[in-house]
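One structure is given here, and the rest of the page talks about it.
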Amino acid sequence: MVEGHGVHRVAARHRKSMVGKLVDATSPNGRVDASKIHGSRVVGVEAIGKNLFYTFQNDAEHTTVLHIHFGMAGRFTIGKAPGPDPRSTTRIQLVTREETPLVAQLTAMTCVLGGEELYKEKKERLGPDPLRDDADKERFWSFIQRRPKRSIGYLLMDQAAIAGVGNTYRSEILFCAGIHPDKKAADITRAEFESLWNNSVELLQRGFQSGYIITINPVEAAGPLAALKGGEKRYVYNRETCKRCHKPVVSWSISNRTVYACESCQQLDEKAQFPAAIARRDNDPHNTAAWLLGENKAAAGRPKKHTRKRENRQKFEPNSEVTRDRTLSAARTKPMKRAKDMDARPTQKEQLKQNGRLGFRERKVKQNGAARKVQHVISAK
């Protein structure tokens, strides 16, 4: 995905080449009503995080805003006319009205036209952008304090918290700040926050100037930063070992994206760990049910299809290990779930009553934004 520094580079290039010029606008794939900006003058190009805003003004001084989000692989190229042939994914094509025309072709996930209210609405929803002069870091600090149970690794990917930080920068910023991604927002100190913000500004500025995501400190680099390749530019992201201490890098999912960390350089207090961190420590990266229910009360990893069927059959057998198992209180769980054919099997129902069991309760456990279902055997008493 195009991260904040990349969008700011596009904005800077387009401000230099397009602002102040009249343009002829078309939509090669027909997905945008280009007639709204055809013949208008480009009066502004602005970036906020991963969002690009193009502002047009016609002869009647009516303002139209084009909101762009590039998504995973969007592009907004500029070249001399006639330029390359538009593709099936080209949403907008702008041709300047001048002696030596320029052609700008846009491919993006989001391409929406609106008035000035569109710009204001989007800007209000986005957090402070470390690359902007008007960024207010106190908004980010306030956002963190209002969500004490969230992990800082989750909040960094929320564009309403801080705009422009993507998945690669998330891991690298947290590493440079010495903060574990699973650390709860409630445990983030003001000093740690200042380090987090300052590293965000520094690393994004470096990316804006170079055009690459280079997060390693020049002092620790093996050579000139411009000569570094691939993983040599970063400390932990998509690496097997930490660039600094050479110990293994661990990875897991937060906010549906893979995060990387060195648990030697980014230590986490045992009391502050999420269930996911405990599971990772015990080499169980795919299932935290074992930790939530207790030792030997859930199989590690996702069971195979035939195994799940066998376990489902055992759940309502009075002498099965699952039925005999006594777990924690189900006071905060959802309503009881009975076997599908419980009413058709009165004998088994009576046996379950004698054994003090009627069925299971099921609850959803949220960990780092991902919901997991955990079952508890409940008592008939």
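Heads up: numbering here begins at 1 and tracks the sequence.
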Nearest-0.5 Å distance that lies between atom CG in Asn198 and atom CG in Leu203: 10.5 Å
Pairs satisfying salt bridge (Lys or Arg N to Asp or Glu O under 4.0 Å), at least one member in residues 65-88, at least two apart: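 Non-adjacent pairs meeting salt bridge (Lys or Arg N to Asp or Glu O under 4.0 Å): zero.
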Pairs flagged by salt bridge (Lys or Arg N to Asp or Glu O under 4.0 Å) wherever residues 89-111 is involved - sequence neighbours left out: Lys21-Glu98, Asp24-Arg97
Side-chain donor-acceptor pair present, Asn167, Ser171, cut-off under 3.5 Å: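 Not at all, the side chains of Asn167 and Ser171 share no donor-acceptor pair under 3.5 Å.
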For [X] against [Y], the heavy-atom pair lying closest together:
X      : Y      : value
Val95  : Pro101 : CG1-CB, 4.1 Å
Ala161 : Pro128 : O-CD, 3.2 Å
Arg132 : Ile48  : NH1-CG1, 3.5 Å

Verdict with supporting geometry, Tyr169 and Ser200, side-chain contact (heavy atoms from CB on, under 4.5 Å): CA-CA 8 Å; Tyr169 274 118; Ser200 299; over 6 Å; no
Whether [X] side chain and [Y] backbone form a donor-acceptor pair below 3.5 Å:
X      : Y      : value
Gln159 : Val165 : yes
Arg41  : Gly20  : yes
His67  : Phe53  : no
Glu3   : Thr168 : yes
Thr96  : Leu102 : yes
Asn58  : Gly39  : no
Gln267 : Ile179 : no
Arg170 : Arg257 : yes
Ser27  : Val32  : yes

Checking [X] now: which residues fulfil salt bridge (charged side-chain N to carboxylate O under 4.0 Å, His left out) with it, not counting sequence neighbours?
X      : value
Arg206 : Glu202
Lys50  : none
Arg146 : none
Asp158 : none

Criterion side-chain contact (heavy atoms from CB on, under 4.5 Å) against Leu52, the qualifying member of Val2, Ile68, Leu66: Ile68
Give the table of side-chain donor-acceptor pairs shorter than 3.5 Å for residues 112-124, with sequence neighbours excluded, one pair per line with atom names and distance.
from: Tyr119; atom 1: OH; to: Glu46; atom 2: OE1; distance (Å): 3.0
from: Tyr119; atom 1: OH; to: Glu46; atom 2: OE2; distance (Å): 2.6
from: Glu121; atom 1: OE2; to: Arg125; atom 2: NH2; distance (Å): 2.9

Test ring-ring contact (aromatic ring centres under 6.0 Å, His included) applied to Trp197 - qualifying residues, sequence neighbours left out: none
Residues in ring-ring contact (aromatic ring centres under 6.0 Å, His included) contact with Tyr260, at least two apart in sequence or another chain: Tyr237
cation_pi(Arg190, Phe193) dist<6.0 Å, angle<=45: no
Residue pair Ser264, Cys242: steps toward the side-chain contact (heavy atoms from CB on, under 4.5 Å) verdict: CA-CA 9 Å; Ser264 175; Cys242 173; over 6 Å; no
Can you list, pair by pair, the side-chain donor-acceptor contacts under 3.5 Å of residues 4-12, counting residues two or more places apart and other chains?
from: His8; atom 1: NE2; to: Asp129; atom 2: OD2; distance (Å): 2.7
from: Arg9; atom 1: NH1; to: Phe208; atom 2: O; distance (Å): 2.6

Test side-chain contact (heavy atoms from CB on, under 4.5 Å) applied to Gln57 - qualifying residues, sequence neighbours left out: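 Gln57: side-chain contact (heavy atoms from CB on, under 4.5 Å) contacts with Val43, Glu61, Thr63.
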Aromatic plane relationship, Phe76 with Tyr54 - under 30° parallel, 30 to 60° tilted, over 60° perpendicular: tilted
Val45 and Thr55: CA distance, side-chain angles, deciding distance, side-chain contact (heavy atoms from CB on, under 4.5 Å) verdict: CA-CA 6 Å; Val45 182; Thr55 306; over 6 Å; no
Which pairs of donor and acceptor atoms, one on a side chain in residues 212-227, lie under 3.5 Å apart (sequence neighbours left out)?
from: Thr215; atom 1: OG1; to: Glu172; atom 2: OE1; distance (Å): 2.6
from: Thr215; atom 1: OG1; to: Lys233; atom 2: O; distance (Å): 3.4
from: Asn217; atom 1: OD1; to: Val219; atom 2: N; distance (Å): 2.9
from: Glu220; atom 1: OE1; to: Arg244; atom 2: NE; distance (Å): 3.0
from: Glu220; atom 1: OE2; to: Tyr235; atom 2: OH; distance (Å): 2.7
from: Glu220; atom 1: OE2; to: Arg244; atom 2: NH2; distance (Å): 2.9

Lys/Arg N to Asp/Glu carboxylate O, Glu192 vs Lys183, below 4.0 Å: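 Counted as a salt bridge, because a side-chain N and a carboxylate O are separated by less than 4.0 Å.
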